[in-house]
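Single-structure report; data block below.
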Amino acid sequence: MPQTLPHVRRPAVPGLGRAGLTTVLLGAFLPMLDFFIVNVALPTIDHDLAAGPAVLELVAAGYGIAFAVLLVLGGRLGDAVGRRRLFVAGAAAFAVTSLACGLAPTAWTLVAARVAQGASAALLIPQVLATITAATEGARRARALGIYGAVGGISVVIGQVLGGLLVSADLFGTGWRAVFLLNVPFALATAVFAVRWVPQTRSPRAAGLDLPGTALLTAALLALFVPLMEGRAVGWPLWTWLLLAAFPFLATAFLVVERRTEAAGRVPLVPLSLVRIPEMRRGLGIALPYFTGFGGFMFVIAILLQQGLHQDPVAAGWALVPMAVGYFGASLAGPRLVGRFGSRVITVGAAVQGTGLAALAAVALADPAQLSVPRMLPGIALAGIGQGLIGMPLFRVVLSQVPAEQAGVGSGVLATTQQSSLALGVAAVGTLFLGLVPGLGMARALAVVLTVQLAGSVVIALLSVRLPHSVA
């Protein structure tokens with residue numbers, strides 16, 4: 001049987017206090033917010049910069065691609081040079097690149113700034129989970145991870161509402177630019193607060209960079225994400241299919257190189273021994289359908305509300321508030337529930353989420369012509385509660401047995417899975433939905449994709465029963 005890594009006692013470091021936790025959570029909130037807030041501003045960007053559909057896709061996708069591709073590297077760098085140091089550098093870089101986005105004179109300049117912004121986010125995000133893992137323990141860690149999960153979900157809805165408000169308000173004539181400029185003072189404040197309140201942690205055994213592994217992981221993720229995010233906008237030319245065909249070969253090559261690097265006694269970019277930890281392996285297996293479904297759900301609902309039900313961006317954002325409240329409440333209750341019921345909370349969450357998706361599908365099929373926001377709200381709220389019950393324990397499960405000196409790379413693997421799956425959900429579920437709309441109409445196309453996502457809830461429930469009942 002594969003052996004799990006032995007538990008390594010963490011060297012004494014200053015604890016992560018309330019001010020420090022607030023600081024790192026703000027550092028997590030800003031990049032996750034920017035993943036979604038730009039979607040509301042895209043029509044105005046197109047009007048002002050004459051971007052066109054393909055370039056607009058790059059404005060959204062360039063950030064997500066750079067973010068996902070560099071996350072594991074960001075975690076490894078934090079392990080090696082210090083997580084607070086990388087957190088401060090990432091927050092400062094996020095402020096600078098956000099300013100560059102807000103001042104971009106042309107569409108292609110904006111694309112370049114968004115790629116740089118995604119790269120800075122990849123420096124920032126892994127340090128959040130790694131710092132929580134390395135500088136807290138017991139009930140404090142459980143509570144911190146629960147709040148982190150809540151922040152991730154709430155940022156999606158706040159992104160939709162805030163983006164619509166900022167674009168509509170046209171503050172000082174900035175229009176869509178305010179969506180990016182708002183980040184600057186908050187990111188700079190995050191960097192300053194981190195110096196004062198976030199403890200410095202790092203791996204006691206600094207490792208050099210795994211250049212072959214980094215190159216292969218980057219190539220594999222680019223081969224997957226570029227065609228998925230850009231294919232629909234450019235009409236699926238041959239190169240998109242060639243890149244998708246290359247992905248499994250590049251992914252296999254990455255795994256072979258990482259296995260050989262670790263067997264030779266060197267430190268790979270992703271130590272595959274981490275995946276032999278049952279909690280991490282099974283937790284990542286749940287994370288893939290969970291985040292894929294979540295990303296697809298948010299994209300489809302946003303399209304339905306704005307294009308199908310003709311809600312303006314602000315009203316569409318407010319329609320998702322019941323989901324945000326359900327998600328946030330379930331996430332905050334999660335630590336107590338996990339302490340009492342263990343990993344079965346995830347099983348219950350999958351059932352509640354599935355019930356919400358089924359209720360939405362039933363409403364869409366019952367009378368497509370009368371589909372409305374009030375009729376959708378119960379299903380949306382149930383889905384949010386279920387997603388919160390899954391997401392909070394999931395972070396705790398995946399990271400529960402990761403050795404402290406590998407907290408950065410473990411957090412990077414989890415964050416990469418999260419961001420990759422969100423992007424996959426938007427691309428795959430979104431493409432399915434938009435492809436079905438011309439023949440079936442909005443309501444029936446929604447019912448079909450919700451049924452697919454309901455199958456994902458069943459997979460999550462089945463996988464969750466294989467998790468250890470108690471969660472460290």
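Computation of the quantities below employed the complete heavy-atom set of this structure, encompassing side-chain atoms and omitting hydrogens, waters and symmetry-equivalent molecules.
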Next on the checklist: Between Leu217 and Leu221, is there a side-chain heavy-atom distance shorter than 4.5 Å?
Outcome noted: yes
Next on the checklist: Under the side-chain hydrogen bond (donor to acceptor under 3.5 Å, both in side chains) definition, can you give me all pairs with a residue in residues 212-223, not counting sequence neighbours?
Outcome noted: none
Item to check | Contacts of type side-chain hydrogen bond (donor to acceptor under 3.5 Å, both in side chains), residue Thr109, not counting sequence neighbours | outcome: Thr106
Next on the checklist: To the closest 0.5 Å, what do you measure between CZ (Arg281) and CG (Leu274)?
Outcome noted: 12.0 Å
Checklist outcome for this item: d(Leu284 CG, Ile277 CD1) to nearest 0.5 Å is 10.0 Å
Next on the checklist: Tell me every residue that passes side chain to side chain contact (heavy atoms under 4.5 Å, CB included) with Pro268, counting only those two or more places apart in sequence or in another chain.
Outcome noted: Asp210, Glu258, Thr261, Glu262, Pro271
Next on the checklist: Between Thr131 (side chain only) and Val128 (backbone N and O only), is there a donor and an acceptor less than 3.5 Å apart?
Outcome noted: no
Next on the checklist: With rounding to the nearest 0.5 angstrom, report the CD1 to CD1 distance, Ile385 to Ile380.
Outcome noted: 12.5 Å
Next on the checklist: Would you compute the distance between atom CD of Gln200 and atom CG of Leu86 and round it to the nearest 0.5 angstrom?
Outcome noted: 9.0 Å
Next on the checklist: Between Ile147 and Val151, is the side-chain contact (heavy atoms from CB on, under 4.5 Å) condition met? List the steps.
Outcome noted: CA-CA 6 Å; Ile147 299 172; Val151 165; 4.3 Å; yes
Checklist entry - Leu123 and Gly90: which non-hydrogen atoms are nearest, and at how many Å? => result CB-CA, 4.0 Å
Item to check | Beyond-backbone contact of Leu244 with Leu228, side-chain heavy atoms, under 4.5 angstrom | outcome: yes
Checklist entry - What is the minimum heavy-atom distance between Leu21 and Ala144, and which atoms define it? => result CD1-CB, 3.8 Å
Checklist entry - What is the distance from atom CG of Leu250 to atom CG of Leu222, rounded to the nearest 0.5 Å? => result 9.5 Å
Next on the checklist: To the closest 0.5 Å, what do you measure between OG1 (Thr44) and CG (Leu166)?
Outcome noted: 11.5 Å
Item to check | Minimum side-chain heavy-atom gap Leu255-Thr252 below 4.5 Å | outcome: no
Item to check | Arg196 vs Val192, side-chain contact (heavy atoms from CB on, under 4.5 Å): CA-CA, chis, key distance, verdict | outcome: CA-CA 7 Å; Arg196 174 66 179 84; Val192 172; over 6 Å; no
Next on the checklist: Checking Leu382 now: which residues fulfil side chain to side chain contact (heavy atoms under 4.5 Å, CB included) with it, not counting sequence neighbours?
Outcome noted: Val352, Thr355
Item to check | Over 12 non-hydrogen atoms of neighbours within 6.0 angstrom of CZ in Phe247 | outcome: yes
Next on the checklist: I'd like to check Ile346 versus Leu389 (side-chain heavy atoms, cut-off strictly below 4.5 Å). Are they in contact?
Outcome noted: no
Next on the checklist: Give me the atom names and distance for the closest heavy-atom approach of Val59 to Val38.
Outcome noted: CG1-CG2, 4.1 Å
Which donor-acceptor pairs under 3.5 Å do side chains of residues 177-184 form with protein atoms, sequence neighbours excluded?
residue, atom, partner, partner atom, Å
Arg177, NH1, Gly102, O, 2.9
Arg177, NH1, Ala104, O, 2.8
Arg177, NH2, Ala104, O, 3.1
Asn183, ND2, Asp34, OD1, 2.9
Asn183, ND2, Asp34, OD2, 3.1
Asn183, ND2, Ser98, OG, 3.3

Item to check | Residue list, side chain to side chain contact (heavy atoms under 4.5 Å, CB included) with Phe193, at least two apart or on another chain | outcome: Thr23, Ala189, Trp197
Checklist entry - With sequence neighbours left out, what residues match Arg260 under side chain to side chain contact (heavy atoms under 4.5 Å, CB included)? => result Val256
Checklist entry - Do Gln127 side-chain atoms and Gly74 backbone N/O form a donor-acceptor pair below 3.5 Å? => result yes
Checklist entry - Can you list the residues that meet the ring-ring contact (aromatic ring centres under 6.0 Å, His included) rule with Phe67, with sequence neighbours excluded? => result Tyr63
Checklist entry - At their closest point, which heavy atom of Val345 faces which heavy atom of Pro393, and how far apart are they? => result CG1-CG, 4.0 Å
Checklist entry - Minimum heavy-atom separation for Ile125 to Met32, with atom names? => result CD1-CG, 4.4 Å
Next on the checklist: Under the rule for side-chain hydrogen bond (donor to acceptor under 3.5 Å, both in side chains), what residues qualify as partners of Arg84, not counting sequence neighbours?
Outcome noted: none
Next on the checklist: Looking at every non-hydrogen atom in both residues, tell me the closest pair between Pro31 and Leu124 and how far apart they are.
Outcome noted: CG-CD2, 3.7 Å
Item to check | Exam field: side chain Ser120 to backbone Gln117, donor-acceptor pair closer than 3.5 Å | outcome: yes
Next on the checklist: Between Arg85 (side chain only) and Val81 (backbone N and O only), is there a donor and an acceptor less than 3.5 Å apart?
Outcome noted: yes
Next on the checklist: Counting neighbours of CZ on Phe328 that are heavy atoms of other residues, nucleotides or ligands and sit closer than 6.0 Å, is the number greater than 12?
Outcome noted: no
Item to check | Minimum side-chain heavy-atom gap Leu49-Asp46 below 4.5 Å | outcome: no
Result block: side-chain N/O donor-acceptor pairs under 3.5 angstrom for residues 289-300, not counting sequence neighbours:
residue, atom, partner, partner atom, Å
Tyr290, OH, Tyr327, OH, 3.3
Tyr290, OH, Gln387, O, 2.8
Thr292, OG1, Leu288, O, 2.6

